[in-house]
2 protein chains.
Amino acid sequence: MGSRHFVVTNQTEPVPLDDPYRADCPTRHLLDRIGDRWTMLVVGILSEGDSRFSHLRRRVEGVSQKMLTQTLRGLERDGLVRRTVYPEVPVRVEYALTDAGRTLCEPLRALQEWAITHAVDVAAAQAAYDYSH
Amino acid sequence: MGSRHFVVTNQTEPVPLDDPYRADCPTRHLLDRIGDRWTMLVVGILSEGDSRFSHLRRRVEGVSQKMLTQTLRGLERDGLVRRTVYPEVPVRVEYALTDAGRTLCEPLRALQEWAITHAVDVAAAQAAYDYSH
DNA sequence: CCGCATCCCAACCGATACTG
DNA sequence: CAGTATCGGTTGGGATGCGG
């Protein structure tokens, strides 16, 4: 990432063109995708190993069957998850992270660890805030 | 994080009690909070330095004033952002990350970097997927 | 300049019923 | 078992107008 180009419009400060905060930047799309309610959780489970649909459904507490399907489809479309159907009776379907999907695990784990170590502080801050408002 | 406790119910595999995938785990709440449409973007901007409301509004392209206010209130409640009002005329309000908030920057940057380096691959995967469906 | 209140529509998402 | 289809409530979030 060498030199950066800028747009300068009236009244606003210059903003880098490859800025992830610009709506048209691909980065923004990805952050939107990752930022939905279930994607990170599903990837987290899959990082523990391949998994069948019903196993995921049990592990990700509260996800509906519809949302789980939708989330898995999205991840498959993004090339982060591979879906394998074994034509047995009854059908068995296995979900697994692709190589690309596995690269998401580390940043994801970083976030989860942050959440774990700061859960108490945040809860306390919320309580304090709610008390004085 | 020492030994972990497990629940074992009929038909389902054991699940750790402090598992972030359980709905009642505090970690889950945080992931939900972080996973909304604007929080990560706002934190990202604030990591560059303190910022006024209108500056944030311009930088986070597409955010409405309502959502920006809501997001900032949430972050303030979580103890991640500090809001300072300067009683001038007209009023000036500065937002800044707290110490706790700054600890979020690193995992956040990791995610952003992932998004930047994988934007092309994901776009290609999507195109391929859409083509064959 | 900052932000609250209201109205309102669209998207999300859960529940349910049905298929291979 | 692993889905698809449909319906309907809930929520997200934009637009607008007002107040300090």
Side-chain angles (χ1 to χ4, degrees), chain A residues 10-13 21 23 28-29 31-42 45-46 50-77 81-96 129-130 132-133, chain B residues 10-13 21 23-24 28-29 31-42 45-46 50-77 81-96 129 132-133:
Chain A
N10 240 352
Q11 309 277 21
T12 64
E13 50 270 76
Y21 307 108
R28 176 77 167 265
H29 300 328
L31 288 176
D32 284 355
R33 286 280 298 106
I34 288 171
D36 78 70
R37 191 170 170 72
W38 304 112
T39 298
M40 292 202 300
L41 294 169
V42 169
I45 299 287
L46 287 177
D50 301 5
S51 189
R52 303 185 54 171
F53 186 88
S54 42
H55 178 245
L56 284 169
R57 184 136 163 56
R58 278 191 300 273
R59 285 302 308 278
V60 183
E61 190 169 327
V63 71
S64 68
Q65 173 254 40
K66 176 182 174 180
M67 282 303 103
L68 181 55
T69 301
Q70 212 169 94
T71 302
L72 287 167
R73 286 290 173 286
L75 285 167
E76 193 189 355
R77 189 173 104 99
V81 160
R82 179 175 30 254
R83 176 174 178 274
T84 314
V85 181
Y86 298 91
E88 309 166 352
V89 184
V91 193
R92 183 164 58 97
V93 181
E94 286 268 350
Y95 292 93
Y129 183 95
D130 294 343
S132 60
H133 284 82
Chain B
N10 240 351
Q11 308 278 20
T12 64
E13 50 271 77
Y21 306 108
D24 52 356
R28 177 75 168 267
H29 300 329
L31 289 175
D32 285 354
R33 285 279 299 106
I34 288 171
D36 77 70
R37 194 170 167 72
W38 305 113
T39 298
M40 292 201 301
L41 294 167
V42 168
I45 300 286
L46 287 177
D50 301 4
S51 188
R52 303 186 53 172
F53 186 87
S54 43
H55 178 246
L56 284 169
R57 184 135 162 57
R58 278 192 299 272
R59 286 300 308 277
V60 183
E61 190 170 328
V63 71
S64 68
Q65 174 257 37
K66 176 183 173 178
M67 282 303 103
L68 182 53
T69 301
Q70 210 169 97
T71 302
L72 288 167
R73 285 292 172 284
L75 285 168
E76 195 189 353
R77 189 174 105 99
V81 159
R82 179 176 30 255
R83 177 174 178 271
T84 315
V85 181
Y86 298 91
E88 308 164 352
V89 183
V91 193
R92 183 164 59 96
V93 181
E94 287 267 349
Y95 292 93
Y129 183 95
S132 59
H133 284 82

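Chain identifiers are assigned alphabetically (A, B, ...) following the order of the sequence lines, protein sequences preceding nucleic acid strands; residue numbering begins at 1 within each chain.
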Which whole-number value in Å describes the distance from A:L56 CG to D:dC1 C1'?
14 Å
Take the protein atom CG of A:L41 and the nucleotide atom P of C:dC13, then report the distance between them rounded to whole Å.
12 Å
Taking atom types as they are modelled, would you say the side chain of B:Q65 forms a donor-acceptor pair with the base of D:dG14 within the 3.5 Å cutoff?
no
Distance check: side-chain N/O of A:R37 vs OP1/OP2 of C:dC12, anything under 4.0 Å?
no
Starting from the C-alpha separation in whole Å, work towards a yes-or-no answer on side chain to side chain contact (heavy atoms under 4.5 Å, CB included) for B:R52 and B:Y86.
CA-CA 11 Å; B:R52 303 186 53 172; B:Y86 298 91; over 6 Å; no
Over how many whole Å does the gap from B:D36 atom CG to C:dC12 atom C1' extend?
15 Å
Please confirm whether the shortest side-chain N or O distance from A:Y95 to OP1 or OP2 of D:dG3 is below 4.0 Å.
yes
So, applying side chain to side chain contact (heavy atoms under 4.5 Å, CB included) with B:Y95, which one of B:V81, B:L68, B:T84 is it?
B:V81
To the nearest 0.5 angstrom, please state how far the CD1 atom of A:I45 sits from the CZ atom of A:R58.
11.5 Å
Atom-pair distance (CG on A:L68; C1' on C:dG14), nearest Å
14 Å
So, does B:S64 get its side chain near the phosphate of D:dA15, meaning an N or O under 4.0 Å from OP1 or OP2?
no
On DNA chain C, more 5' by nearest nucleotide between A:V91 and A:W38 is A:W38
Where A:V63 and A:R57 come nearest, the two heavy atoms and their spacing
O-NH1, 2.8 Å
When the distance from NZ of A:K66 to P of D:dT4 is rounded to whole Å, what number comes out?
12 Å
Nearest-Å distance for atom pair CZ/C1', residues B:R57 and D:dG14
10 Å
Taking any heavy-atom pair under 4.0 Å as a contact, classify A:Y86: base, sugar-phosphate, or nothing.
nothing
Indicate, with a heavy-atom threshold strictly under 4.0 Å, whether A:Q70 touches base, sugar-phosphate, or nothing.
nothing
For a quick check of understanding: with a heavy-atom distance under 4.0 Å over all strands, which category does B:E88 fall into, base, sugar-phosphate or nothing?
nothing
State the OG1-CD distance between A:T69 and A:Q65, to the nearest 0.5 angstrom.
4.5 Å
Interatomic distance, A:L72 CG vs D:dC1 P [rounded to whole Å]:
16 Å
Can you measure B:M67 atom CE to C:dA11 atom P for me and round it to whole angstrom units?
16 Å
So what does A:R73 hit on the nucleic acid, given a heavy-atom distance under 4.0 Å: a base, only sugar-phosphate, or nothing?
sugar-phosphate
At less than 4.0 Å, is any side-chain N or O atom of A:R83 found next to OP1 or OP2 of D:dA2? Yes or no.
no
Over all strands shown, is B:R92 touching base, sugar-phosphate only, or nothing at heavy-atom distances under 4.0 angstrom?
nothing
Which nucleotide in the set C:dC4, D:dA2, C:dC2 lies at the smallest distance from any side-chain heavy atom of B:T69?
C:dC4
